[in-house]
Amino acid sequence: MTDITAKLASGSKVEMTQLVMPGDGNVLGTAFGGRIMQWIDLCAAMAAQRHTRMPVVTASIDRLDFLGPVRIGDIALLRAQVNAVFGSSMEVGCEVLAENPLTGERRRCCDAFLTFVALGADGCPARAPLLLTATEEEARRVAEATARRATRLAERKGGPG
Ligand SMILES: CC(C)(COP(=O)(O)OP(=O)(O)OC[C@H]1O[C@@H](n2cnc3c(N)ncnc32)[C@H](O)[C@@H]1OP(=O)(O)O)[C@@H](O)C(=O)NCCC(=O)NCCS
């Protein structure tokens, strides 16, 4: 049976580092956006799984802003955390920083919000453990994620176009 005991938001935190290699790049000498998206999806999925300890699937990625380039040779540092849990779905926020390995200087390069859905043993959506907040920052994340979910649901109701 699935354990839906409430868990602390901080328990879902994931940090992932990637050295950006030439094979990760585009013709401009910066990281290919699709590769960064792959790393974001992985990092965020681990946060969702760390929270739920259940299989999860990516349902949607509704915000992904590239704020600046990640250069080949940089260290890409990804941080993800579950922002809010709804029913079977949850929003995970992920940020990407680019670190210059020679100077240690860090720049914020990308922010994304992803929705994951937890699956039960039958492969169908199943209730995820509730999220406990311990800080004002975590409570703010819940409020903001809840507002974004309302927009998401309204957009889905409207359908494409
Ligand atoms: C995501 C998926 C499991 C939802 O299944 P479904 O039968 O449509 O489920 P439901 O309509 O009962 O919705 C279940 C939950 O998912 C949420 N959801 C479904 N589609 C969503 C979407 N596109 N964006 C955000 N949330 C979504 C619902 O709001 C609901 O949330 P709640 O339980 O917190 O209220 C299903 O669409 C799926 O398997 N998609 C493919 C996932 C995939 O292959 N991802 C890439 C590889 S991991």
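All ligand and atom numbering here is 1-based and tracks the order in the structure.
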Quick one: does any side-chain atom of [X] pair with a main-chain N or O of [Y] as donor and acceptor, under 3.5 Å?
X	Y	value
Ser88	Val117	no
Ser89	Phe86	no
Thr151	Ala147	yes

### Task
Could you check if a side-chain atom of Phe32 sits within less than 4.5 angstrom of a side-chain atom of Val70, using non-hydrogen atoms only?
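When only atoms from C-beta onward are counted, Val70 and Phe32 do not touch, as no gap falls below 4.5 Å.
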### Message
In the structure I gave you, are the side-chain heavy atoms of Cys110 and Glu95 within less than 4.5 Å of one another anywhere?
### Response
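A side-chain contact under 4.5 Å is absent here.
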For [atom], is the nearest protein heavy atom under 4.0 Å away?
atom	value
atom 24 (N) of ligand 1	yes
atom 21 (C) of ligand 1	yes
atom 11 (O) of ligand 1	no
atom 31 (O) of ligand 1	yes
atom 38 (C) of ligand 1	no
atom 1 (C) of ligand 1	yes
atom 34 (O) of ligand 1	yes

Residue and atom name of the nearest protein heavy atom (relative to [atom]), distance in Å to one decimal:
atom	result
atom 26 (N) of ligand 1	Thr115 CG2, 3.6 Å
atom 16 (O) of ligand 1	Val117 CG2, 3.3 Å
atom 42 (C) of ligand 1	Thr58 O, 3.5 Å
atom 3 (C) of ligand 1	Val57 CG2, 3.9 Å

If you measure from [atom1] on [X] to [atom2] on [Y], what distance do you get to the nearest 0.5 Å?
X	Y	atom1	atom2	result
Glu138	Asn83	CD	CG	9.5 Å
Met16	Cys94	CE	SG	8.0 Å
Thr146	Glu91	OG1	CD	8.5 Å

### Query
Would you call Glu144 and Arg141 a salt bridge, taking side-chain N to carboxylate O under 4.0 Å as the test?
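Between Arg141 and Glu144 there is no salt bridge, as every charged N stays at least 4.0 Å from the carboxylate O atoms.
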#### Entry: Contact atoms of ligand 1, heavy-atom distance to Phe86 under 4.0 Å
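Result: 34 (O).
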### Task
Going by heavy-atom distance to atom 7 (O) of ligand 1, choose the closest among Cys124, Ala45, Gly123, Pro125.
Pro125
### Query
Counting heavy atoms only, which of Ser88, Ser89, Ala118 is nearest atom 14 (C) of ligand 1?
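Looking at heavy atoms only, Ser88 sits closest to atom 14 (C) of ligand 1.
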### Message
Heavy-atom contact check, 4.0 Å cutoff: does Arg149 meet ligand 1?
### Response
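True for this residue.
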### Any Arg156 heavy atom less than 4.0 Å from ligand 1
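Right, Arg156 reaches ligand 1.
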### Task
Evaluate whether atom CD of Glu137 has more than 12 neighbouring non-hydrogen atoms of other residues, nucleotides or ligands under 6.0 angstrom away.
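More than 12 within 6.0 Å, yes.
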